[in-house]
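A quick write-up on the structure given underneath.
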Amino acid sequence: MRIARFSIDGNVAFGAVEGEGPDGLVLDIIKGIPYAEFELSGTKVPLSKVRLLPPVLPNKVVAIGRNYAEHAAELGNEVPDVPVAFFKPTTSVIGSGDAIEYPSFSSELHHEAELAVVIGRMCREVPRERVKDVIFGYTCANDVTARDAQKREKQWARAKGFDTSCPLGPWVETDLDPHDLTIQATVNGEQRQLGRTSDMIRSIEDLVVHITEAMTLLPGDVILTGTPAGVGPLHVGDEVAVTIEGIGTLTNKVIKRG
C-alpha cells in the first residue's frame with residue numbers, strides 16, 4: 001500500500017494512494033494514523049487536488065554515509081570498517097514538490113539519491129531476524145549535501161543538515177522487497193545516478209541492528225541508506241528527481257534562499 005500525507009483546504013491527513021498514472025491517482029483518506037491499525041474512510045480525493053507533504057514527520061533522520069563502494073571511490077574515500085552514521089534534523093525535511101533552498105554558505109551543492117527506510121514502531125536493540133517487524137515501509141530520499149562545506153569543516157552537521165536538505169516522498173510504500181531495486185537521479189531530465197540497492201555494502205538489516213544498538217527509534221523515524229555513484233552539482237533553477245523502482249518519483253526544484 002502507498003501511504004501519503006497531504007493537505008487540502010487547510011487540513012492535514014494521511015491517505016492510501018490508489019490508481020495508476022498521473023491523472024488516475026486518488027487518495028482514500030485514512031481514519032487515524034497509519035502506524036497503528038487503521039481504516040480507510042472511503043472518502044476519496046484526486047491526488048491532483050491536494051498538496052503532498054513529507055510522508056512522515058520524523059523525530060530523527062539517521063543517515064548512513066559511504067554505503068556504496070563506487071560512491072566512496074568517486075569522492076576519494078575508502079569503504080569504512082563500520083557504518084558511518086550522522087543525523088539530519090527535522091527542519092531539513094521537505095516533501096515532493098517543495099523547494100530546495102541553496103544555502104548561502106555553499107557554492108557546491110550536490111544531489112544524493114537514496115532509499116529511505118521508515119520505522120513503524122518504537123524499537124531498540126532489534127535482532128536481525130526481527131528487523132522486518134519494525135519497518136513501516138520505504139520512500140525516496142535526496143541527501144542534499146553542501147560538498148564544499150563538508151570538505152572544509154571536516155564534519156557533516158551543516159553540510160548535510162541545513163534547512164530543506166532532506167526531501168522525502170512522494171509517499172511510503174509498505175509492501176516492497178527493498179533488496180534489489182533500481183535507484184536513479186535525474187537533473188533537468190538528464191540521468192546522473194543509476195544504481196541498485198543490492199550494491200549496498202551493508203544491508204538494511206545490518207543498518208537497523210547497528211543503529212538500534214545505540215538508540216531508540218520511534219514510529220516515523222527515517223534511515224537513509226546511502227547513495228550510489230554519480231553524485232553531482234545542483235544549481236539554482238535545476239529540477240532534481242529521485243526515482244526508485246516500486247515506489248515512485250520525488251521531485252524538487254532548487255531555488256535561491258530568500
Side-chain angles (χ1 to χ4, degrees), residues 61-88 92 106 108-119 126 128-129 131-132 135 138-161 165-168 173 176-187 190-215 217 221-234 240-247 249-250:
V61 177
V62 186
I64 302 297
R66 302 171 187 169
N67 199 29
Y68 288 75
E70 290 186 3
H71 169 60
E74 74 180 340
L75 296 181
N77 298 310
E78 295 183 356
V79 174
D81 293 333
V82 296
V84 175
F86 59 95
F87 292 107
K88 293 176 83 82
S92 70
S106 175
E108 189 182 359
L109 199 65
H110 280 195
H111 57 81
E112 294 191 6
E114 308 205 7
L115 175 69
V117 180
V118 179
I119 298 300
V126 180
R128 186 180 180 87
E129 63 273 14
V131 166
K132 65 179 183 301
I135 293 175
Y138 305 89
T139 192
C140 305
N142 192 345
D143 177 19
V144 184
T145 302
R147 192 71 68 198
D148 49 351
Q150 184 185 25
K151 296 173 184 176
R152 180 174 63 245
E153 298 177 8
K154 308 301 181 185
Q155 53 78 43
W156 300 357
R158 294 208 315 157
K160 287 176 172 286
S165 66
C166 189
L168 299 174
E173 174 57 68
L176 185 71
D177 181 345
H179 294 97
D180 189 24
L181 304 174
T182 300
I183 177 171
Q184 64 177 320
T186 63
V187 177
E190 177 185 347
Q191 184 173 285
R192 293 276 190 85
Q193 292 182 268
L194 181 63
R196 301 196 69 83
T197 58
S198 55
D199 293 329
M200 288 182 192
I201 297 166
R202 287 154 184 113
S203 68
I204 290 168
E205 290 80 5
D206 293 335
L207 299 180
V208 172
V209 169
H210 181 75
I211 292 166
T212 62
E213 284 178 340
M215 69 192 72
L217 296 178
D221 280 352
V222 170
I223 298 172
L224 304 188
T225 58
T227 192
V231 300
L234 293 172
V240 56
V242 175
T243 301
I244 299 180
E245 179 183 358
I247 299 176
T249 299
L250 165 70

More than 12 heavy atoms from other groups under 6.0 Å of CD on Glu70: no

Polar side chain donor-acceptor pair, Arg202 to His210, under 3.5 angstrom: no

Test side-chain contact (heavy atoms from CB on, under 4.5 Å) applied to Ser203 - qualifying residues, sequence neighbours left out: Arg128, Glu205, Asp206

Any Val131 side-chain heavy atom under 4.5 Å of Thr212 side chain: no

Table please: side-chain donor-acceptor pairs of residues 223-232 below 3.5 Å, with sequence neighbours left out.
{"unit_1": "Thr225", "atom_1": "OG1", "unit_2": "Leu115", "atom_2": "O", "d": "2.7"}
{"unit_1": "Thr227", "atom_1": "OG1", "unit_2": "Ala113", "atom_2": "N", "d": "3.2"}
{"unit_1": "Thr227", "atom_1": "OG1", "unit_2": "Ala113", "atom_2": "O", "d": "2.8"}
{"unit_1": "Thr227", "atom_1": "OG1", "unit_2": "Gln193", "atom_2": "NE2", "d": "2.7"}

Heavy-atom side-chain proximity of Phe87 to Val61 below 4.5 angstrom: no

Residue pair Val126 / Leu217, side-chain heavy-atom distance below 4.5 Å: no

Under the salt bridge (charged side-chain N to carboxylate O under 4.0 Å, His left out) test, residues paired with Arg152 that sit two or more places apart: none

Asp177: side-chain contact (heavy atoms from CB on, under 4.5 Å) partners, not counting sequence neighbours: His179

Partner residues of Arg66 under the side-chain contact (heavy atoms from CB on, under 4.5 Å) criterion, sequence neighbours left out: Ala72, Asn77, Pro80, Trp156

Minimum side-chain heavy-atom gap Asn67-Leu207 below 4.5 Å: yes

Qualifying residues under side-chain contact (heavy atoms from CB on, under 4.5 Å), relative to Gln155, sequence neighbours excluded: Glu153, Ala157

Arg192 (side chain) donor-acceptor with Ala185 (main chain) under 3.5 angstrom: no

